[in-house]
Q: 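Below are the structure tokens for one structure; questions will follow.
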Amino acid sequence: MLEIRDLCLHYRQSQILYDVSLDAEKGHVTCLMGTNGVGKTSLLKAISGTHHRTSGTYRLDGEEVGKPAPHVLAASGVGYVPQGRMIFPLLTVKENLETGFACLPRADHAVPDEIYELFPVLKDMQGRRGGDLSGGQQQQLAIGRALITRPKLLLLDEPTEGIQPNIIQQIGRVIAYLRDQGTMAIVLVEQYFDFAYGLADHFVALERGRVTLDGPRSDVTREEIFGKVTV
């Protein structure tokens, strides 16, 4: 679903990513690992179109991707759940979900029942403002909003950050369910090691903006991966 080759990214005068290559397959969770500040979030922003790569090739579902705006990529099937969630605090839960309609034809402007089945709290709180939700509820809303767009590729940046354990377990079950449907590729950035290790089919580790490990779960040991996320 996703093929990236030799991607470089600059921010002002600094180079952030160096010749990064990454694949993400349908029905798999690709986990992007590394310590803080190595470029994981920057890579997700480059894939989502929030940052424009300075070089490299990018294919989505076999098609070459140029450097379009984020909303164009979203309409092409890239769903992005950013770090910090970035829901609209003054909009209701239902209105936050409906912002995903901008990527869809008018005939599809309805919240699928599946969203509420995956996250029942969103149905119960449809009329509540996003800013009034807990951190865990906001995270569920952010994921639900991304799923509204019917993504082929789902990018998740630190979905467990600052969230209570029972919600972490629920989010893990949702990610596993989405993977098992076999219709989308999932790229997960996650510092909670056990959560990431339990879900990932493929691991990619970054260090100082470069890929230092890339392999399927069967080819890398827990110790190798853990060594990439500890200082």
Side-chain angles (χ1 to χ4, degrees), residues 1-26 28-74 76-86 142 146 151-161 175 184-193 195-197 199-217 219-220 224-231:
M1 179 56 67
L2 173 69
E3 301 171 66
I4 284 176
R5 295 292 178 270
D6 302 321
L7 183 147
C8 294
L9 176 69
H10 290 76
Y11 182 69
R12 295 179 179 168
Q13 302 304 313
S14 300
Q15 185 164 359
I16 308 300
L17 298 173
Y18 299 81
D19 299 317
V20 170
S21 295
L22 179 145
D23 292 332
E25 298 180 32
K26 281 184 183 178
H28 286 74
V29 174
T30 300
C31 193
L32 193 57
M33 310 289 281
T35 55
N36 288 331
V38 298
K40 304 184 302 295
T41 291
S42 294
L43 179 54
L44 288 198
K45 287 183 175 181
I47 296 170
S48 70
T50 309
H51 288 344
H52 282 163
R53 65 191 188 277
T54 45
S55 63
T57 59
Y58 175 173
R59 288 182 174 272
L60 180 68
D61 203 13
E63 298 293 327
E64 185 78 28
V65 174
K67 297 180 181 179
H71 72 275
V72 176
L73 279 172
S76 299
V78 179
Y80 180 37
V81 182
Q83 189 175 23
R85 301 178 277 275
M86 295 179 65
K152 303 173 184 176
L153 172 67
L154 180 63
L155 309 173
L156 299 168
D157 195 355
E158 303 276 9
T160 71
E161 185 178 38
I175 294 172
M184 70 174 71
I186 300 172
V187 177
L188 170 67
V189 167
E190 184 54 64
Q191 292 281 19
Y192 180 10
F193 183 81
F195 179 86
Y197 187 78
L199 284 168
D201 302 290
H202 195 102
F203 294 95
V204 175
L206 289 180
E207 185 176 343
R208 296 182 181 179
R210 292 180 168 87
V211 173
T212 57
L213 180 148
D214 184 352
R217 185 189 186 93
D219 288 357
V220 293
E224 279 182 283
I225 301 160
F226 189 72
K228 299 295 184 181
V229 297
T230 54
V231 178

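A quick note: this is a predicted structure, and the numbers were derived from the prediction, not measured.
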Q: Could you list the residues that satisfy side chain to side chain donor-acceptor pair (under 3.5 Å) with H202, not counting sequence neighbours?
A: D214
Q: Are any non-hydrogen side-chain atoms of V189 and L43 less than 4.5 angstrom apart?
A: no
Q: Considering residues at least two apart in sequence or located in another chain, which fulfil the side chain to side chain contact (heavy atoms under 4.5 Å, CB included) criterion with V38?
A: T35, K40, L206
Q: Just to verify, what does D23 make a side chain to side chain donor-acceptor pair (under 3.5 Å) with, not counting sequence neighbours?
A: R5
Q: I would like to know whether Y80 and L73 meet side chain to side chain contact (heavy atoms under 4.5 Å, CB included); could you show each step before the answer?
A: CA-CA 10 Å; Y80 180 37; L73 279 172; over 6 Å; no
Q: Can you name the side chain to side chain contact (heavy atoms under 4.5 Å, CB included) partners of T160, sequence neighbours left out?
A: I168, E190, Y192, F195
Q: Kindly write out the residues that satisfy side chain to side chain donor-acceptor pair (under 3.5 Å) with R210, not counting sequence neighbours, or none if the list is empty.
A: none
Q: Please find the pair of heavy atoms, one from P68 and one from V65, that lie closest to each other, and give the distance.
A: CD-CG1, 3.9 Å
Q: Name all pairs fulfilling the salt bridge (Lys or Arg N to Asp or Glu O under 4.0 Å) condition that reach into residues 51-64, sequence neighbours left out, sorted by first residue then second.
A: R59-E64, D61-K152
Q: Can you confirm whether V211 sits close enough to S21 that some side-chain heavy atom of one is under 4.5 Å from a side-chain heavy atom of the other?
A: no
Q: Please round to the nearest 0.5 Å and tell me the distance separating atom NE2 of H51 and atom CD1 of I16.
A: 8.0 Å
Q: Identify the two heavy atoms, one from F203 and one from M33, that lie closest to each other, and give their separation to 0.1 Å.
A: CD2-CG, 4.2 Å
Q: Listed by chain and number, what are the side chain to side chain donor-acceptor pair (under 3.5 Å) partners of T57, not counting sequence neighbours?
A: none
Q: If you compare all heavy atoms of T50 against all heavy atoms of S48, which two are closest, and at what distance to 0.1 Å?
A: OG1-OG, 2.9 Å
Q: Hey, are the side chains of I225 and F193 touching, using non-hydrogen atoms and a 4.5 Å cut-off?
A: yes
Q: Heavy-atom distance under 4.5 Å between the side chains of L60 and S76, does that happen here?
A: yes
Q: For a 4.5 angstrom cut-off between non-hydrogen side-chain atoms, does I47 reach L153?
A: yes
Q: I'd like to check Q191 versus E158 (side-chain heavy atoms, cut-off strictly below 4.5 Å). Are they in contact?
A: yes
Q: Kindly compute the distance separating CD1 (I186) from SG (C31), expressed to the nearest 0.5 Å.
A: 11.5 Å
Q: Are the side chain of Q15 and the backbone N or O of L17 linked by a donor-acceptor pair below 3.5 Å?
A: yes
Q: Quick one: list whatever passes side chain to side chain contact (heavy atoms under 4.5 Å, CB included) with H52, sequence neighbours left out.
A: K67
Q: Let me confirm one number: the OG1-CG distance from T30 to L155, rounded to the nearest 0.5 Å.
A: 10.5 Å
Q: Taking the side chain as everything from C-beta on, heavy atoms only, tell me whether S55 gets closer than 4.5 Å to L7.
A: no
Q: Once side chain to side chain contact (heavy atoms under 4.5 Å, CB included) is applied, do any residues pair with E25, and if so which ones, sequence neighbours excluded?
A: H28
Q: Side-chain contact, heavy-atom cut-off 4.5 Å: Q83 with E161?
A: yes
Q: D201 side chain to V29 main-chain N or O, any donor-acceptor pair under 3.5 Å?
A: yes
